[in-house]
Amino acid sequence: PVGPFTFVHAVLPPGGMRSFDASLFLDARRGVAYRVQDVEHQSIGFYELDGAFTNFSGKAPVAVLNERREAVAPFYWDGRYYLATSGVSGWAPTASKLYSRGDLLSAGGWESSNPFPKGPARGTSFWSQSAHVLVYDAIATAGSGGGGGGGGGAGGGRSVRQQALWMADRWCGAPPHRCKSDWCPCLLNASYLWLPLSRTAAKVSVQWCGEGWKPAPPMWSPRPAAVT
């Protein structure tokens, strides 16, 4: 969306519980939006929003994960719901975990897909922390890398498939540096890491691709820059 935006009101977490890392997730299958939040560093829940997306609906959370995790990144990809998370360790990166399920409203719990990161530095998720997963329709050319859901042919040696990009925060750079305080000067130089997700036999993973990797181009064109 393009601004300007108008402040509506502040919203307190349901039940007065402290909310740490949080994200927004729109379940396009049902037209329902959720605030996905780490509650007291003890559990993660999907809290339904009202029709205007400006407040909570008051319903009990669904798809609760009763584990000590943070850095929530929910997404829907090729028929399943996923939730990427990290450990609770301040600015120090940990091994990410990925959970999946077929339906947010079903009685069953989350299924774990570990090990999620593969390759060098997988124990620290390539020295980063999950922030968001972008799923989009990509143009796949012959011989292009990365896994994804199927799609219709586009002709001319190209096809359309769903690409999922794992987007992560690299707070304090690569080792041997480690932040030892709540506020570390290196955070001023924090950067981002993008890597493709791949799927094999219903297992999803993210793997280091090297500096030369580029994401598959999207079907849509980027919006032109605004003229001021």
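Numbers for residues simply follow the sequence, beginning at 1.
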Is a side-chain donor or acceptor of [X] paired with a backbone partner of [Y] at a separation under 3.5 angstrom?
| X | Y | value |
| --- | --- | --- |
| H132 | L165 | no |
| S86 | S96 | no |
| D21 | A71 | yes |
| E40 | R18 | yes |
| R101 | D103 | yes |
| W110 | A63 | yes |

Check your understanding: With the 4.5 Å side-chain cut-off for hydrophobic clustering, are L188 and W171 part of the same group?
Key ->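 Yes: a chain of side-chain contacts under 4.5 Å links L188 to W171.
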
Check your understanding: Are Y47 and V72 connected, step by step, through hydrophobic side chains (Ile, Leu, Val, Met, Phe, Trp, Tyr) whose heavy atoms are closer than 4.5 Å?
Key -> no

Cut-off 3.5 Å, side chains only: do [X] and [Y] have a donor facing an acceptor?
| X | Y | answer |
| --- | --- | --- |
| Q129 | E70 | yes |
| R80 | S100 | yes |
| S128 | R170 | no |
| S205 | R199 | no |

Non-hydrogen side-chain atoms of [X] and [Y] separated by less than 4.5 Å:
| X | Y | value |
| --- | --- | --- |
| Y34 | V62 | yes |
| F116 | Y99 | no |
| T85 | I44 | yes |
| W77 | L197 | yes |
| L98 | Y82 | yes |

Check your understanding: Can you pull the salt bridge (Lys or Arg N to Asp or Glu O under 4.0 Å) pairs that have at least one residue in residues 44-58, sequence neighbours excluded?
Key ->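 Sorted result for residues 44-58: E48-K59.
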
Check your understanding: Nearest 0.5 Å, what's the NZ-CG distance between K97 and L65?
Key -> 9.0 Å

Exercise for review: State the CZ-CG distance between F53 and L26, to the nearest 0.5 angstrom.
Suggested key: 5.5 Å

**Study point:** Evaluation steps, side-chain contact (heavy atoms from CB on, under 4.5 Å), between F75 and L134
**Key:** CA-CA 8 Å; F75 62 102; L134 174 66; over 6 Å; no

Practice item. Could you tell me which residues satisfy side chain to side chain contact (heavy atoms under 4.5 Å, CB included) with Y76, sequence neighbours excluded, listed by chain and number? Key: F25, R29, Y81

